[in-house]
Amino acid sequence: MDLKVIGCHGGETPKHRTSAFVLDDRLAIDAGSLTSGMELRAQCALEACLVSHAHLDHIRDLATIADNRAQNGCKPLVVAGTKVTIAILKKHFFNGLLWPDFTKIPSAAHPTIEYLVLKPEEATEIAGYKVRSILVSHTIECGAFIIEGKGGAIAYSGDTGPTDRLWEVLNETPKLKAMLMEVSFPNEEHRLAHVSGHHTPETLAKDLKKLGAGLAKDLPTLLYHIKPSFQAKVERECARLRGVNLTVCALGDHFIL
Ligand SMILES: [Zn+2]
Ligand SMILES: [Zn+2]
């Protein structure tokens with residue numbers, strides 16, 4: 001599997017982009033920077049986008065990628081998420097007010113985007129992968145994804161604080177190659193992390209212990225969603241953790257898994 005990091009931060013500056021990743025050039029995972037971080041041709045090559053939850057930093061570039069794809073006659077982009085997430089996108093985002101309803105543009109018969117509702121824990125075929133959504137613990141409904149391809153699986157957690165079910169499922173997932181995991185705030189901001197449903201290095205380290213014996217030490221854990229204001233501090237705190245295999249994602253990273 002070929003994983004490109006398009007955006008990996010919990011905020012934006014000219015040096016930081018919000019969450020978006022692309023698998024094998026055809027499956028996007030969250031849409032925080034799909035247009036600010038990708039050329040038109042790559043935008044058009046995408047077949048589907050998994051949306052972890054409806055917070056703006058994970059969906060905002062769905063607006064601009066829909067616009068770009070409509071002008072270039074690209075195939076419909078499948079936008080997949082849980083029922084709650086898709087309902088928010090329809091009602092509050094592509095609602096004909098904040099942004100046009102691209103399920104009817106250029107026409108209902110040839111739409112720019114198509115919604116796909118994912119039932120938690122049920123496998124769905126998307127862009128040639130078997131995808132399962134597992135609910136995690138955030139301020140609104142938010143999912144993780146287990147994405148299984150021919151050679152193995154990767155996991156992606158959307159925004160979350162301490163959670164349980166995801167780790168249970170990961171313990172039972174064969175051929176798990178890597179996990180993309182959020183960490184947002186430094187340890188001293190634990191109150192803010194708690195009320196906003198995010199991890200600090202300390203809470204993440206505790207959660208990683210829920211992985212079965214040896215798995216946390218070996219499983220490549222790719223960290224994203226650090227808030228730009230706290231980048232250096234969170235990186236230092238993560239570097240001090242032991243018994244884990246952590247890499248902090250950077251813009252432009254390209255992993256072959
Ligand atoms: Zn969020
Ligand atoms: Zn976020």
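On a predicted model such as this, the values are computed, not experimentally measured, just so you know. Remember, it's 1-based here, ligands and their atoms both numbered in the order they're listed.
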Can you tell me if an N/O/S atom from Cys142 lies under 2.8 Å from the Zn ion (ligand 1)? no

Before moving on, can you tell me the angle at the Zn ion (ligand 2) between the NE2 atom of His225 and the NE2 atom of His58, to the nearest 10 degrees? 110°

Atom CD of residue position Glu202 - does it have more than 12 heavy atoms of other residues, nucleotides or ligands inside 6.0 Å? no

Hey, what's the angle at the Zn ion (ligand 1) spanning NE2 (His138) and NE2 (His53), nearest 10 degrees? 100°

Got a salt bridge between Arg132 and Glu148, using NZ or NE/NH1/NH2 to carboxylate O under 4.0 Å? yes

Answer yes if the ring centres of His225 and His199 are under 6.0 angstrom apart, and no otherwise. no

Between Phe102 and Tyr115 (judged by ring centroids, cut-off 6.0 Å), do the two rings come close enough to count as a pair? no

From the N, O or S atoms in His55, identify the one nearest to the Zn ion (ligand 1). ND1

Which is the closest N/O/S atom of Asp57 when seen from the Zn ion (ligand 2)? OD2

Which atom of Asp159 is nearest the Zn ion (ligand 1), counting N, O or S only? It is OD2

Flag the pair Asp2 and Lys4 as a salt bridge only when some basic side-chain nitrogen lies within less than 4.0 angstrom of an acidic carboxylate oxygen. yes

Short check: any N/O/S atom of His198 below 2.8 Å from the Zn ion (ligand 1)? no

SG to SG below 2.5 angstrom is the rule I want applied to Cys8 and Cys249. Does it hold? no

